[in-house]
Every structure is written in structure tokens, then in C-alpha cells.
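A short worksheet on the structure shown next.
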2 protein chains.
Amino acid sequence: MSENLQCTDTLHSRGFRVTPQRMVILRILQEADTHLNPTEVYQRAQHAMPGLTEATVYRTLAFLTDQGMVLAAHIGSGQLVYEIAGHAHHHLICRACGYTLEIEHELLAELYRLFKVSTGYQIDSLHTTFFGLCPECQAPELNNVA
Amino acid sequence: MSENLQCTDTLHSRGFRVTPQRMVILRILQEADTHLNPTEVYQRAQHAMPGLTEATVYRTLAFLTDQGMVLAAHIGSGQLVYEIAGHAHHHLICRACGYTLEIEHELLAELYRLFKVSTGYQIDSLHTTFFGLCPECQAPELNNVA
DNA sequence: TTCGCTATTGTAACTAGTTGCAATAAAGAG
DNA sequence: CTCTTTATTGCAACTAGTTACAATAGCGAA
């Protein structure tokens with residue numbers, strides 16, 4: 001609830017409007033414990049607000065991402081998913097079983113400093129995705145000899 | 001040319017067919033000095049092979065990516081681009097001007113080792129994209145005081 | 001070389017995502 | 001409370017990307 005109030009203030013102070021559509025979509029992302037793709041957001045929003053269109057969902061997600069209230073990430077080939085902007089974190093996704101692990105941003109902070117020093121680029125990706133194999137899915141390929 | 005022969009052998013040895021469509025698309029990616037999106041690949045392919053369809057371009061790019069001959073990367077919101085698989089590298093993209101810098105994989109190797117130790121995940125992303133601000137685009141926001 | 005198997009392509013219909021524009025409604029002024 | 005401004009929405013048409021299925025064509029076998 002307090003998060004919603006905070007978002008309301010932020011929007012007001014930046015000259016944007018607080019609309020029920022935006023509040024519904026923010027609420028959905030806050031209550032989700034994981035990332036959602038636009039269609040999932042749309043489906044959940046239908047319950048709270050049957051008239052809401054998919055175009056508005058796409059536009060609102062992009063808008064909230066621009067405002068830094070929501071983080072967008074790519075998972076798999078082309079799928080964009082969204083998540084409420086909380087603690088900065090990144091994803092390790094197993095490309096075999098799809099299991100997703102969150103890692104703290106602090107693990108990448110040193111890398112970002114290295115980028116800054118060696119290239120001048122100030123990186124601010126807060127939601128980077130890395131693909132690989134989780135421990136379970138490495139096993140069949142490596143340990144089946146014995 | 002020798003790269004094409006190598007790809008031919010690889011496809012044969014894995015039981016896949018060597019088709020003119022695949023060769024054309026591989027050639028285009030080899031001759032491009034940068035990454036291309038599917039539409040750009042399609043347009044260039046039209047010259048060499050007018051009958052080629054866009055569906056085949058999408059399918060072939062996904063296929064070549066699966067085979068490890070081509071690398072796919074996300075740039076911007078939802079755009080997937082492709083690049084011939086050569087040296088492993090990653091991208092730093094300026095979200096203000098869009099300028100893209102390549103960085104060697106070696107810079108991320110230590111991070112991957114850290115992932116492996118702390119989570120067990122064996123990361124193999126060879127084409128990760130980081131967003132931020134390039135040195136020129138940082139200037140107006142930071143240095144305009146004096 | 002010819003044949004047969006089947007991976008691959010092209011077609012066309014489909015789903016996903018975007019955008020222009022008129023209608024609506026948030027929010028400040030009176 | 002009412003009016004005015006204009007950001008935002010819904011609609012509908014659009015572009016981008018995917019997929020089912022029949023036709024085509026690699027390529028190994030004879």
C-alpha cells in the first residue's frame with residue numbers, strides 16, 4: 001500500500017497522471033513474486049479491470065520501465081518480462097530446464113567498475129540475464145560415466 | 001570461403017542438410033562487420049536469392065544459433081540481432097546515443113567463475129548486452145555546472 | 001545415375017507487439 | 001463544483017515474428 005502511495009507521489013511530481021490502469025498494473029507486479037510477461041500482466045489485470053486493453057498494458061509497462069518503477073528483462077529468445085523495481089538483481093537462467101536464479105547486483109558491481117575504467121562506459125543495467133546450465137542439468141552431461 | 005567449408009562439414013557431420021538458403025544467410029553474416037536484425041538479413045538475402053522468404057530467415061537464424069554458428073543478442077527493447085560466431089564478446093550499448101562497444105569475453109570470465117563457485121551455475125552466455133551511458137553522453141548530465 | 005527418405009522450404013494463417021488518432025478523464029485554476 | 005488543458009486510453013489498423021502443413025529438394029543407398 002505504501003509503495004503505491006510512493007509511486008503516486010513520484011508520478012505527480014514528474015507531471016504524469018495517476019490512472020487506475022497504472023495502479024492496477026503496478027499492483028499486479030507488486031503482488032507477483034516473480035517476473036511476468038505482458039500477456040500474463042494483461043490476464044491478471046482483466047480481473048481487476050475488465051475494460052483494460054492489451055495495448056495499454058504494453059504502453060504502461062514501457063512507461064513504468066522508463067520511470068524506473070519497473071524493470072524489464074529478456075528471457076529466452078525475444079521474450080520480455082517485467083518485474084517491480086526493488087533491490088537490484090540479475091538472473092541466471094538454465095537453458096536446459098529454465099530454472100531461474102536471482103543474484104545480487106553486488107556481484108556485478110566490480111565488473112561495472114572495470115567497464116568504467118577500461119571503456120569509460122557507465123553501465124546501469126540492473127536486470128541482466130545470463131544463460132547457462134544449472135548444477136542439476138550439468139550432471140547428465142558430465143557425471144554419467146561412473 | 002574456408003569458413004563456409006567448415007560450416008558445411010559441421011552441418012553434414014551433425015546430420016543436417018546444407019541448403020543454399022543456409023549458405024546465403026551464413027555468407028551475409030560473415031560479410032557483415034556488425035550484428036544484423038532478421039529484417040536486415042532478409043533484405044540482403046533478397047539480392048542473392050530473390051525467392052527466399054522471411055519465415056525461412058527467422059527459422060534459419062534460430063537454427064544456426066542452436067548450432068552455435070551464429071550468436072543472438074538482445075539490443076534495446078525486444079530487438080534480437082544476430083552475428084557470426086567468432087571470438088566471444090559482449091556489448092556495451094549507450095542507451096542515450098545507441099553507440100555500441102564490443103568487449104572481450106575475458107573481462108567476464110572472472111565473473112563467470114564467481115557464478116560457478118557461488119551458485120553452481122555454469123554460465124555460457126557469449127553475447128551478453130549491458131546498457132548504460134557512453135563517456136560523451138555522461139558529460140551533459142554531469143559536467144555542465146562549470 | 002536414379003530412387004527413396006525425410007529435413008527443409010514456401011505458403012498462408014496465425015499470435016505478438018506497436019502505433020496513429022479520436023475520445024476520455026486526471027488534475028490544476030477559478 | 002465546474003471548466004479547461006492535455007496526458008492517457010481504447011480502438012483499429014498496422015508491423016513483427018511464429019507455426020502447421022503440403023511441396024520441394026538434399027543426400028545416402030543401390
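A, B, ... follow the sequence lines: proteins, then strands. Residue 1 opens every chain.
- Of the candidate nucleotides D/dT9, C/dT18, C/dT8, D/dT9 has the atom nearest to the side chain of A/Q21.
- Remark: the B/E102 side chain and the B/H90 side chain contain no N/O donor-acceptor pair separated by less than 3.5 Å.
- Here D/dT9 is the nucleotide among D/dT9, C/dT19, C/dA16 with the atom lying nearest to any side-chain atom of A/T60.
- Residue B/H87 qualifies as enclosed at atom NE2: its count of foreign heavy atoms under 6.0 Å is above 12.
- Of the residues near DNA chain C, B/R22 and A/V18, the one whose nearest nucleotide (by heavy atom distance) lies more toward the 5' end is B/R22.
- For A/R59, the side-chain atoms get nearest to C/dG20 when compared with the rest of C/dG17, D/dA20, C/dG20.
- Using a 4.0 Å heavy-atom distance criterion, A/G51 is classed as a sugar-phosphate-only contact.
- Under the 30°/60° scheme for interplanar angles, the aromatic rings of A/F130 and B/F130 are found to be tilted.
- In this model, a donor atom of one side chain and an acceptor atom of the other lie less than 3.5 Å apart for A/T53 and A/T56.
- For A/R17, taking side-chain heavy atoms from C-beta onward, the closest of the listed nucleotides D/dC27, C/dA27, C/dT19 is C/dA27.
- The A/T53 side chain lies nearest to D/dC11 when the options are D/dC11, C/dA27, D/dT8.
- Distance from the side chain of B/F16 is smallest to C/dA7 among D/dT9, C/dG17, C/dA7.
- In this structure, A/E54 reaches neither bases nor backbone, as no heavy-atom distance under 4.0 Å exists between it and the strands shown.
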